Amino acid sequence: MCGIVAYVGPKDAAPILLEGLQRLEYRGYDSAGVVVSNKGLKVRKVKGRVADLAKVVPARFKGSLGIGHTRWATHGVPSDVNAHPHLSADERIAVVHNGIIENAAELRAKLEADGVVFASETDTEVLAHLIAHAADENDTLEEAVRKTLKSVVGTYGIAVIDAERPGEVVVARNGSPIVLGIGEKEMFAASDVAALVRYTRQVVHLEDGELAVLKADGFHTFSSDARETAKEPLTVDWDAGHYDTGGYEHYLLKEISEQPETITRTMSGRLDERFHVAHLGGLNMDARETRGFRRVKIIGCGSAYYSGQIGAQLIEELARIPSDAEPASEFRYRNPVVDPDTLYVAISQSGETYDTLAAVQELKRKGGRVIGIVNAVGSAIAREVDGGIYLHAGPEVSVASTKAFTSTCLAFALLALHLGRVRDLSPADGRRIVEGLRRLPGQIEQVLGQSDRIAELAKKYAPHPSMMFVGRVRGYPVAREGAQKLKEISYVHAEAYPASELKHGPLALIGPDMPTVAIVPDDELLDKNLTTLGEIRARGGQVLMVGHREPDAKLADDVIVIPKNEIELDPILLTIPLQLLAYYAAVALGRDVDKPRNLAKSVTVE
Ligand code: AGP
């Protein structure tokens, strides 16, 4: 949430900051700003996108030290004044900040009582004033920042510059990511590697409580009590090309289209055709431990949670271990019983979602065994867990999750196979699943081949104000994810229900204005699902069915037919048409597909 970029080196900072902010815009996009240091601080900030900011940054905006920010508003409406950077009253200190300062009101009241006049409504501005006061009393900017942060309650990733120390940037992290980029006689920092990979692939992640001082010739990191910490740089696999649209009109379409390859990468080197098992070395668990778990509890937020519901079903079906999924944001607040015989699985594409990270930390505090299913290598959740499965899906830029969702489901299939084959799953069933997984990329390709028709259907259904999504058992989390995709990018209201629950209430909504997308795979529940379709149509509701064949009777207005695989793997293939439907509905309605209103990619606030 919100993007930060910082630069110190021999070059002009502004173009580097603007380019970095563009890469980070998916983290927040209601306002943006930059400040460079050159005989004083020069600031430009605007309500709107990074492209709007670029228009007001003049060519003579020179300075080889600077920080920039793209915002997702928490305190104060999106506006020019509330945009970051925020400056101290004497314009000596500039700060950009991600996260929330919880005691901002109290700190602000104290500062105002001392005569400080605030320019903005933000919580961040208190930091600029406090650091400026501390800078007068301390020898270094680092000490001033550390002292200020001691009085702050909340989460932050910050970058700070001081007009009187034009050769250094100080950054600090507590709950909001900060990653350093090591260049040739230049240093960078950002809230995401996306902003760095054009310049360097050598990065260092800060831990919570850490602070770093960046100068052109290198960096030093410190703990909150001023002890220097040792950091080993990491090499990032992803390069700048991974962050381009690759000729597609939107990142979302690119990411949907990449799924045959991303799914292949997630399973690559992990399937064993001889013993029909999955090799998941990253779990850091021996066979005895693997056999010992009596329950599996999965946590994640939003689409990650829905993929967890699919994962729980896969684990119950293939490994026969009782499993369930819960939103991490609920789990962490209800003082859950942490059981030593339960395997906890945290899911996160970004690896930075604050609620999921906090849930993992709570589990670890209470002795829980936690593994992660994460896409972003080296991210906070990946570093916090005891082991895990990386998705290797490549960066997901569009705010709506697509390829990470299907890769997570695939990772769950691998985990279920792994857990199943050291328990009761037969070699024959193991083989069936391995072969099914191998068929998936080609079958996803076939579904993608129906894009034009799905685009037509999207045009037909998008004008309705509301849509119902229904599915049973394996189809229910698919329906939830389908409704989530549609609402977040097209703003069409969408509800998802288990098909069996329709008659217990939501059927009252069904009528000509409320079409239903029905997930009807050719499984043991087919007849029950077809009955539901009959009930919907009897009430004048239109039905768009996604399944493996046209129903015999005229029970659906439109049908999207997908290829047949093993029934346990159906959710992965059933999801693809729903992604396309949401995408083309959003396009038909003229929405900002990759940056839907009010949302941001990584939710690093509570
Ligand atoms: C998905 O389309 C959403 N934008 C959102 O629900 C997302 O899945 C959720 O915020 C979790 O993100 P994470 O996987 O990075 O933790």
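All of these numbers come straight from a predicted model, not from anything done at the bench. Remember, it's 1-based here, ligands and their atoms both numbered in the order they're listed. Scope of the values below: all heavy atoms of this structure, side chains included, with no hydrogens, waters or symmetry mates.
- Of all atoms in ligand 1, numbered sequentially from 1 with element shown, those under 4.0 Å from a heavy atom of S348 are 13 (P), 14 (O), 15 (O), 16 (O).
- Every atom of ligand 1 is numbered from 1 in the order shown, and the set under 4.0 Å from a heavy atom of A400 is 2 (O).
- No hydrogens or angles considered: a donor-acceptor pair under 3.5 Å links the side chains of Y305 and R480.
- Short contacts between ligand 1 and S350, defined as distances under 4.0 Å to a heavy atom of the residue, involve ligand atoms 13 (P), 15 (O), 16 (O).
- The local environment of CD in E330 is sparse, with at most 12 non-hydrogen atoms from other residues, nucleotides or ligands closer than 6.0 Å.
- S323 and E316 form no side-chain donor-acceptor contact under 3.5 Å, judged by distance and modelled atom types alone.
- Atoms of ligand 1 found under 4.0 Å from any heavy atom of G302 (numbered from 1 in listed order, with element): 6 (O).
- Atoms CG and NE2, on L414 and H279 in that order, are 11.0 Å from each other to the nearest 0.5 Å.
- Distances below 4.0 Å separate heavy atoms of K485 from the following atoms of ligand 1: 1 (C), 2 (O).
- The distance from ligand 1 to the heavy atoms of A304 drops below 4.0 Å at these ligand atoms: 8 (O), 14 (O).
- Considering only non-hydrogen protein atoms, atom 1 (C) of ligand 1 sits nearest to S303 OG, 3.1 Å.
- Given atom 10 (O) of ligand 1, the protein heavy atom at minimum distance is V603 CG2, 4.0 Å.
- Below 4.0 Å from some heavy atom of Q349 lie the following atoms of ligand 1, by number and element: 13 (P), 14 (O), 15 (O), 16 (O).
- The proximity of E352 to ligand 1, defined as any non-hydrogen pair under 4.0 Å, does not occur for either the backbone or the side chain.
- What sits closest to atom 12 (O) of ligand 1 on the protein, heavy atoms only, is T353 OG1, 3.4 Å.
- Taking CZ of R332 as the start and CD of E326 as the end, the distance is 12.5 Å to the nearest 0.5 Å.
- A side-chain hydrogen bond (donor to acceptor under 3.5 Å, both in side chains) with D592 is found for one member of H250, R49, R597 and no other, namely R49.
- Taking every heavy atom of S401 and a limit of under 4.0 angstrom, the matching atoms of ligand 1 come to 1 (C), 2 (O).
- Of the candidates Q259, E258, E255, K403 forms a side-chain hydrogen bond (donor to acceptor under 3.5 Å, both in side chains) with just one, namely E258.
- Every heavy atom of T356 sits 4.0 Å or more from the atoms of ligand 1.
- For the residue pair T402 / Q579, no side-chain donor-acceptor distance below 3.5 Å is found, with atom types taken as modelled.
- Summary of contacts: the protein heavy atom closest to atom 3 (C) of ligand 1 is E488 OE1, 3.5 Å.
- Ring orientation note: the planes of Y344 and F331 are tilted relative to one another, at an angle of 30° to 60°.
- Note: an N/O pair closer than 3.5 Å links V399 and ligand 1 by distance alone.
- For the pair L415/L283, a side-chain contact is recorded, criterion being any heavy-atom separation below 4.5 Å from C-beta on.
- Counting protein heavy atoms only, atom 11 (C) of ligand 1 is closest to C301 O, 3.2 Å.
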